[in-house]
Chemist: 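Before I ask anything, let me first share the structure, which is written out below as structure tokens.
Because only heavy atoms are used, hydrogens play no part in the values below, and waters and symmetry mates are left out as well, while side chains stay in. Chain identifiers are assigned alphabetically (A, B, ...) following the order of the sequence lines, protein sequences preceding nucleic acid strands; residue numbering begins at 1 within each chain. None of these values were measured; they are calculated from a predicted model.
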Amino acid sequence: MSAQPLSRRFYARDVAVVARDLLGRLLWRESADGVTSGRIVEVEAYLPEGDTACHAFRGPTRRNATMFGPPGRAYVYAIHSRWCLNAVTEPEGSACAVLIRAVEPAAGVELMRARRRREALLELARGPARLCEAFAIDRALDGWDLTRGEQLWIARGPRSRLAGEQVAVSPRIGVTSAHDLLLRYYLAGNRFVSGRRNPKPESSKRRAGELQPQPATRRGKVNE
DNA sequence: CTACCGATTGACT
DNA sequence: GTCAATCGGTAGA
């Protein structure tokens, strides 16, 4: 079942590991207007320690309270009068989250067009605030439990989550500090990824930005 | 209360 | 490529 929600255990792991593992998964939204879904193609991790760009860096506030709660909840915040969606990760007390930066529209494309008041498929959910508008995500969903599998959740997706696609890494977009951290993960060559051009990877040739083999993850593998 | 800032977007040169 | 709208969050008086 491609709409089955990811579990609490999935989100309770290291934030960078969860971020990378969210690529290729399906974001689902059920509202009074109808259902939309999209394939996650770009994410960013915000670390619980030493990350000046993380909203939790200076301690808890009213806005970031959800980040200090249990994993698997939606952290929705506003910037420049727009909304952005995160998934809270790691065990409670470790304030960190994954920003969902772009999805490739799947179901409910016409509903997304109406909400965005735009026709172009590439303009519907390419960018964190754009996807929130297309999926009718706002402040009311801050703190929503993404493991419930209703209203708003992320699903396991198809068995071949990344069908031969390469994961690329880069500094995060838009942040004014911590440019040295490579915590943006995206599908190389995918046209629904935000930012400047995202060229298709050349086959059998190492390129800058290509993900190097990862060191062993701290926690066990989760098969979801 | 005021002042400042930003994990953005869309319009424009 | 540049730039500013626009407003919630935050810190500080």
Chemist: Does NZ or CZ of A/R184 lie under 6.0 Å from the centre of the six-membered ring of A/Y186, at an angle within 45° of the ring axis?
Modeler: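 Yes, a cation-pi geometry.
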Chemist: Does A/D21 pair with A/R161 as a salt bridge, N-O distance under 4.0 Å?
Modeler: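 Salt bridge: yes.
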Chemist: How would you summarise protein contacts on nucleotides 2-13 of chain B per nucleotide, using B for base, S for sugar-phosphate only and - for none, with heavy-atom distances below 4.0 Å?
Modeler: ----BBBSSS--
Chemist: Run through A/R130, A/R118, A/R191 and flag the one making a salt bridge (Lys or Arg N to Asp or Glu O under 4.0 Å) with A/E123.
Modeler: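 Looking at A/R130, A/R118, A/R191, the match for A/E123 under the salt bridge (Lys or Arg N to Asp or Glu O under 4.0 Å) is A/R130.
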Chemist: Donor-acceptor check, side chain of A/S37 to backbone of A/A106, threshold 3.5 angstrom: yes or no?
Modeler: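 A pair under 3.5 Å: no.
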Chemist: Looking at A/H55 versus A/Y46, is the centre-to-centre ring distance below 6.0 Å?
Modeler: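 No, ring centres 6.0 Å or more apart.
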Chemist: So, A/R113 side chain and A/E119 main chain: donor-acceptor pair closer than 3.5 Å or not?
Modeler: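 Yes, A/R113 side chain to A/E119 backbone: donor-acceptor pair under 3.5 Å.
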Chemist: With both distances kept under 3.5 Å, what pairs with C/dT6, Watson-Crick or G-U wobble?
Modeler: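 Base partner found: none.
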Chemist: Mind checking which nucleotides bracket the chain A contacts on DNA chain C, 5' to 3', with an atom under 4.0 Å from a heavy atom?
Modeler: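 The protein-touched segment is C/dG1 to C/dT10.
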Chemist: Does this structure show an ion pair linking A/R73 with A/D142, if we count only N-O contacts that are shorter than 4.0 Å?
Modeler: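 No salt bridge links A/R73 with A/D142.
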Chemist: Where do A/R116 and A/E133 land on the salt bridge (Lys or Arg N to Asp or Glu O under 4.0 Å) test, with the steps shown first?
Modeler: CA-CA 6 Å; A/R116 290 274 297 132; A/E133 186 171 39; 2.7 Å; yes
